[in-house]
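In what follows, a single structure is set out as structure tokens and then discussed.
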Amino acid sequence: MRIATYNVNGIGSRLPALLQWLDETQPDVVCLQELKALQEKFPEAAIKDAGYGAIWHGQKSWNGVAILARGQTPIETGRGLPGDPEDNQSRYIEAMVNGILIGGLYLPNGNPAPGPKFDYKLKWLERFILHAEKLIDSGAAAVLAGDYNIIPTEKDVYKPERWVDDALFRPEVRVAYQTLLNQGWCDALRSKHPDETIYTFWDYFRNAYGRDAGLRIDHLLISPSLTPALKAAEVDRAVRGREKPSDHAPVWIELNL
DNA sequence: ATGCCAGCTACAAGCTGA
């Protein structure tokens with residue numbers, strides 16, 4: 001079973017690239033982020049024609065998350081991260097697919113730091129850590145996949161010294177990520193590539209992709225019961241080098257269930 | 001230190017992203 005995450009940076013502009021990638025790689029489950037589209041603007045018919053059922057949570061202009069499943073419709077178990085009824089940003093959606101609980105997330109960027117946006121990111125992380133703990137305690141086979149907007153370690157950024165004050169790399173954020181790992185979650189991509197320089201995002205500026213000036217910020221965390229089943233974890237890096245790409249590349253894992 | 005690019009909204013230029 002292949003499970004992928006892909007920050008599309010606008011489903012409206014990225015639909016052709018998404019459909020091409022789906023056709024080529026046929027993942028079983030896909031978490032999408034940054035739809036940047038109203039609920040009614042999601043291209044449900046085109047996704048269905050590609051062979052995928054979908055659930056999604058749209059929002060005008062910003063954010064927006066979806067879960068696709070090949071040959072079936074994901075069984076939704078939640079939308080919106082629990083813990084704050086005032087939070088109306090579309091950043092979390094959850095579903096069951098083939099007995100696996102899939103959480104798709106788009107964590108707040110948090111820049112500039114310090115400031116209200118960084119505070120929101122830290123609050124969101126607190127709620128996410130609580131929810132992740134509940135999932136661990138439930139014993140569910142679970143995958144938390146998405147754009148975490150967290151650079152976990154110095155190995156995950158091309159020039160760490162330039163990012164020390166950035167909201168993606170601040171100590172509070174890295175500590176929060178480590179807290180998730182301490183709960184028992186496994187960073188699938190890093191576990192399969194312990195020493196490799198491996199990125200999932202390259203910004204559009206200064207030929208960042210050509211220079212390989214990237215970040216590793218898109219992650220798939222898998223629950224302890226799934227770690228023995230993890231067969232592969234990779235970045236579809238070439239997708240970032242195509243025409244009209246997202247600034248993120250798709251990331252995926254293969255589970256042998 | 002700043003803008004560099006790109007998408008969205010709305011139709012100009014501003015906001016946001018990471």
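Chain letters run A, B, ... following the sequence lines, proteins first, then strands; residues in each count from 1.
Listed in residue order, the members of residues 153-164 of chain A having a heavy atom less than 4.0 Å from DNA chain B come to none. Contacts between residues 233-243 of chain A and DNA chain B, defined by a heavy-atom separation below 4.0 Å, involve no residue at all.
The phosphate of dA18(B) has OP1 or OP2 within less than 4.0 Å of a side-chain N or O from Tyr106(A). OP1 and OP2 of dT16(B) both lie 4.0 Å or more from every side-chain N or O belonging to Asn63(A). In terms of phosphate contacts, His248(A) brings a side-chain nitrogen or oxygen within less than 4.0 Å of OP1 or OP2 of dA18(B). The side chain of Asn149(A) contributes an N or O atom lying less than 4.0 Å from OP1 or OP2 of dA18(B).
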Side-chain donor-acceptor distances from residues 199-206 of chain A under 3.5 Å, at least two apart:
| residue | atom | partner | partner atom | Å |
| --- | --- | --- | --- | --- |
| Tyr199(A) | OH | Tyr158(A) | N | 3.3 |
| Thr200(A) | OG1 | Ile217(A) | N | 3.1 |
| Thr200(A) | OG1 | Asp218(A) | N | 3.1 |
| Thr200(A) | OG1 | Asp218(A) | OD2 | 2.7 |
| Trp202(A) | NE1 | Asp212(A) | OD1 | 2.9 |
| Asp203(A) | OD1 | Phe205(A) | N | 2.6 |
| Tyr204(A) | OH | Asn9(A) | ND2 | 3.1 |
| Tyr204(A) | OH | Pro245(A) | O | 2.9 |
| Tyr204(A) | OH | Asp247(A) | N | 3.1 |

Per-pair distances, 0.1 Å, donor-acceptor, side chain in residues 38-48 of chain A, under 3.5 Å, sequence neighbours excluded:
| residue | atom | partner | partner atom | Å |
| --- | --- | --- | --- | --- |
| Gln39(A) | OE1 | Gly58(A) | N | 2.6 |
| Gln39(A) | NE2 | Trp56(A) | O | 3.1 |

In residues 138-147 of chain A, what donor-acceptor pairs under 3.5 Å come from side-chain atoms, sequence neighbours left out?
| residue | atom | partner | partner atom | Å |
| --- | --- | --- | --- | --- |
| Ser138(A) | OG | Leu135(A) | O | 2.7 |
| Ser138(A) | OG | Ala140(A) | N | 3.2 |
| Asp147(A) | OD1 | Asn149(A) | N | 3.0 |
| Asp147(A) | OD2 | Asn7(A) | ND2 | 2.9 |

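Across the protein-nucleic acid pair, Asp166(A) atom CG and dA1(B) atom C1' stand 15 Å apart, rounded to whole Å. Rounded to whole angstrom, the span from the CZ atom of Phe118(A) across to the P atom of dT16(B) amounts to 18 Å. For Leu168(A) and dG17(B), the CG to P distance is 11 Å, given to the nearest whole Å. Atom CZ in Arg91(A) sits roughly 11 Å away from atom C1' in dT16(B) (whole-Å rounding). Rounded to a whole Å, the CD atom of Gln89(A) is 14 Å from the C1' atom of dC15(B). Going from atom CG of Leu107(A) over to atom C1' of dT16(B) covers 16 Å, rounded to whole Å.
Separation of the His57(A) and Tyr92(A) ring centroids does not fall under the 6.0 Å cut-off.
Looking at heavy-atom distances under 4.0 Å, Asn207(A) makes no contact with the nucleic acid at all. At the heavy-atom level, Lys117(A) lies under 4.0 Å from the strands shown only through sugar-phosphate atoms.
Counting heavy-atom neighbours within 6.0 Å of Lys231(A) NZ, excluding the residue itself, gives a total above 12. Within a 6.0 Å radius of CZ in Arg162(A), other residues, nucleotides and ligands contribute 12 heavy atoms or fewer.
For a distance-only test at 3.5 Å, the side chain of Asn109(A) qualifies as a donor-acceptor partner of the base of dA18(B).
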Could you encode protein contacts along nucleotides 3-10 of chain B as a string, one character per nucleotide from 5' to 3', using B for base contact, S for sugar-phosphate-only contact and - for no contact, with a heavy-atom cut-off of under 4.0 Å? BBBSBSSS
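Side chains of Asn182(A) and Thr179(A): a donor-acceptor N/O pair is absent below 3.5 angstrom, by distance only. Residues Glu94(A) and His131(A) bring a donor and an acceptor atom of their side chains to less than 3.5 Å of each other.
When all heavy atoms of Asp87(A) and Arg127(A) are compared, the pair lying nearest together is OD2-NH1, 2.9 Å.
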Please walk me through it: do Leu221(A) and Tyr177(A) pass side-chain contact (heavy atoms from CB on, under 4.5 Å)? CA-CA 10 Å; Leu221(A) 299 190; Tyr177(A) 193 79; 3.4 Å; yes
When you look at Ile93(A) and Ile102(A), which way does the side-chain contact (heavy atoms from CB on, under 4.5 Å) test go after all the steps? CA-CA 8 Å; Ile93(A) 191 164; Ile102(A) 309 287; over 6 Å; no
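Rounded to whole Å, the P atom of dC4(B) lies 14 Å from the corresponding atom of dG14(B).
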